[in-house]
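In this text, all values refer to a predicted model and were calculated from it rather than measured experimentally.
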Amino acid sequence: MTILCICTYFKGVEFLKAAKEEGNTVFLLTHKKIEHKPWPRESIDEFFYLENNDNSFDTYQTLLEGSAHLMRTRKIDLVVALDDFDVEKAALVREHFRIPGMGQTTARYFRDKLAMRVQAEDNQIPVPAFSSLFNDVEITHFLENTQGPWLVKPRSEASAAGIKKVYSKNEAWDWINSLGDSRHNFLIETFKPGDVYHIDSLIINKEVVFERCSQYLSTPFDVAHGGGIFRSVTVEFGSLDQEALSLINHQVMKAFGMKFSASHTEVIKCHEDGNYYFLETASRVGGAHLAEMVEASSGINIWKEWAKIETAVAEKKPYVLPKIEKKYSGILISLSSHQWPNVDVFDDKEICWKMNEEYHVGLIVKADSRERVIELLDKYARMVFDLGLHASAPAPDKPTH
């Protein structure tokens, strides 16, 4: 099989390695600016580059023309997007060249936050009250019939990039008007304070065959806009939270037409009413090293298993999930004021991974109890502050490489 992987941000190394180990020919289309990142070159048969990685008509035209030229001499069996921002690109190539996999309509449900909310609502999956920003009368009706504050969100960005919190109708309109002719690319929704969870899963034959539910102790939005330390921990096994999160994840995958992939879904449990609300989903592995955290808890490497699933589907062969472990794990990541922070003082036996990136400090712990994991995350969060290792930066309007 020949797999064209599209990834214009540096990630997916484990997928690329596993895809090659499965005996596939692996092509990588990436952004020219990250050509020299430490890609697993022994696992990639050929590189191709885009000068621009934005999802614009010009980029799409370049992508189609380049793919057409490539396919004159080589057959592409699969196209896989390894990052959120490449989902549309992969769907376009599949549609145009009639390659099996997620098409453009289904891809919208995993990229466009407005499409997600409409589809969820149409399938009786609870979501926070929301409105598109297309029509002034509809926006006014929404603001007059919901309680602030509200969040204005880009429809197609990832994480907390580009989100604006507004507290009054006037502030909401000021911000909406400031968006000018691009406001149709945004939506507005009620802000529901609560606990935010993520469900990381694998799907094949329209069935969720693996999932691990976790809770953000500090959400991506809070970290991006408040300068905190990112932390997440496995949800208590067998708890009501786990059951509710699993139910919503299964409902979302079915309603959105997911056939096979990895997925990362986020849900909020509202403090006010105790109900669970779907926030968003993505047809890819969770960012911020959550895959490593999930692997520490379950023994399942989502990147590797995703590559095996793609290969199994293409070759019409059965897929066998490895044995799943039941440990609790947690992750802590912070920007650092040091280029290469010294983390030798982080020495508990439960630490199973340490981050090795410039101007970052991070670790993953695993233990038999959730309480022990949280205790360690609290301890190391204090140490990061006390040792002067923490740093913060303004929230970006768009994700960076």
Side-chain angles (χ1 to χ4, degrees), residues 9-15 17 37-38 159-160 195-200 212-237 262 264 266 285-304 324-393 399-401:
Y9 290 77
F10 180 66
K11 59 171 57 176
V13 167
E14 292 297 328
F15 182 100
K17 288 180 178 179
K37 289 285 187 178
S159 187
D195 297 322
V196 181
Y197 299 84
H198 57 97
I199 308 100
D200 297 277
R212 185 81 0 142
C213 303
S214 309
Q215 178 185 356
Y216 292 119
L217 298 180
S218 38
T219 69
F221 179 85
D222 291 336
V223 172
H225 294 263
I229 294 177
F230 175 76
R231 295 183 300 157
S232 182
V233 62
T234 312
V235 166
E236 191 75 39
F237 296 122
H264 174 79
E266 298 190 347
V285 175
H289 296 283
L290 291 176
E292 288 89 336
M293 173 190 151
V294 169
E295 185 175 10
S297 167
S298 65
I300 301 297
N301 184 307
I302 300 180
W303 284 113
K304 290 182 178 179
I324 302 173
E325 300 173 12
K326 287 184 69 172
K327 294 280 189 179
Y328 292 95
S329 66
I331 189 169
L332 175 155
I333 293 178
S334 171
L335 286 174
S336 177
S337 53
H338 297 61
Q339 183 178 10
W340 296 105
N342 183 358
V343 292
D344 291 343
V345 291
F346 301 166
D347 57 2
D348 282 286
K349 68 180 187 302
E350 291 91 344
I351 295 174
C352 58
W353 177 88
K354 291 182 181 180
M355 199 169 190
N356 184 30
E357 293 181 25
E358 286 185 295
Y359 296 105
H360 283 80
V361 57
L363 56 86
I364 292 173
V365 298
K366 73 173 179 178
D368 292 328
S369 76
R370 188 172 190 263
E371 291 73 17
R372 177 58 176 161
V373 170
I374 294 175
E375 177 187 347
L376 288 166
L377 293 179
D378 288 344
K379 169 186 173 180
Y380 286 117
R382 289 192 299 270
M383 289 178 67
V384 167
F385 280 114
D386 292 345
L387 295 172
L389 298 179
H390 176 68
S392 61
T400 60
H401 293 284

Could you list the donor-acceptor pairs under 3.5 angstrom formed between side-chain atoms of residues 369-376 and any protein atom two or more places apart in sequence or on another chain?
residue: S369; atom: OG; partner: R372; partner atom: N; Å: 3.1
residue: R370; atom: NE; partner: T234; partner atom: O; Å: 2.6
residue: R370; atom: NH2; partner: Q215; partner atom: OE1; Å: 2.8
residue: R372; atom: NE; partner: E350; partner atom: OE2; Å: 2.9
residue: R372; atom: NH1; partner: E375; partner atom: OE2; Å: 3.1
residue: R372; atom: NH2; partner: E350; partner atom: OE1; Å: 3.4
residue: R372; atom: NH2; partner: E350; partner atom: OE2; Å: 3.3

Legend entry - Nearest atoms (heavy-atom pairs only) where V365 meets L377: CG2-CD2, 4.3 Å
Inset, instruction - Would you name the heavy atoms of L332 and A381 that are closest together and state the gap between them? - result: CD1-N, 3.4 Å
Note, [X] side chain near [Y] side chain (heavy atom, < 4.5 Å):
{"X": "D200", "Y": "V285", "answer": "no"}
{"X": "F237", "Y": "R212", "answer": "yes"}
{"X": "L290", "Y": "S214", "answer": "no"}

Starting at [atom1] of [X], measure out to [atom2] of [Y] and round the result to the nearest 0.5 Å.
{"X": "K379", "Y": "D348", "atom1": "NZ", "atom2": "CG", "answer": "3.5 Å"}
{"X": "E292", "Y": "L363", "atom1": "CD", "atom2": "CG", "answer": "12.5 Å"}
{"X": "L389", "Y": "S334", "atom1": "CG", "atom2": "OG", "answer": "8.0 Å"}
{"X": "L217", "Y": "F230", "atom1": "CG", "atom2": "CZ", "answer": "9.5 Å"}
{"X": "N301", "Y": "E295", "atom1": "CG", "atom2": "CD", "answer": "4.0 Å"}
{"X": "W353", "Y": "H289", "atom1": "CH2", "atom2": "NE2", "answer": "4.5 Å"}

Inset, instruction - Under the side-chain contact (heavy atoms from CB on, under 4.5 Å) rule, what do H390 and L335 come out as? Steps first, then yes or no, please. - result: CA-CA 6 Å; H390 176 68; L335 286 174; 5.7 Å; no
Legend entry - Expected output: side-chain S329 to main-chain M293 donor-acceptor under 3.5 Å: yes
Legend entry - Parallel, tilted or perpendicular, as decided by the 30° and 60° cut-offs, for the rings of W303 and F15: perpendicular
Legend entry - Plane angle bin for H264 and H198 - parallel if under 30°, tilted between 30 and 60°, otherwise perpendicular: tilted
Inset, instruction - Give a yes or no on this: more than 12 heavy atoms of other residues, nucleotides or ligands lie within 6.0 Å of atom CG of D368. - result: no
Legend entry - More than 12 heavy atoms of other groups within 6.0 Å of D347 CG: yes
In residues 338-346, what donor-acceptor pairs under 3.5 Å come from side-chain atoms, sequence neighbours left out?
residue: Q339; atom: NE2; partner: E358; partner atom: OE2; Å: 2.3
residue: N342; atom: OD1; partner: D344; partner atom: N; Å: 2.9

Inset, instruction - Test side-chain contact (heavy atoms from CB on, under 4.5 Å) on I229 and Y380 and set out the steps. - result: CA-CA 10 Å; I229 294 177; Y380 286 117; over 6 Å; no
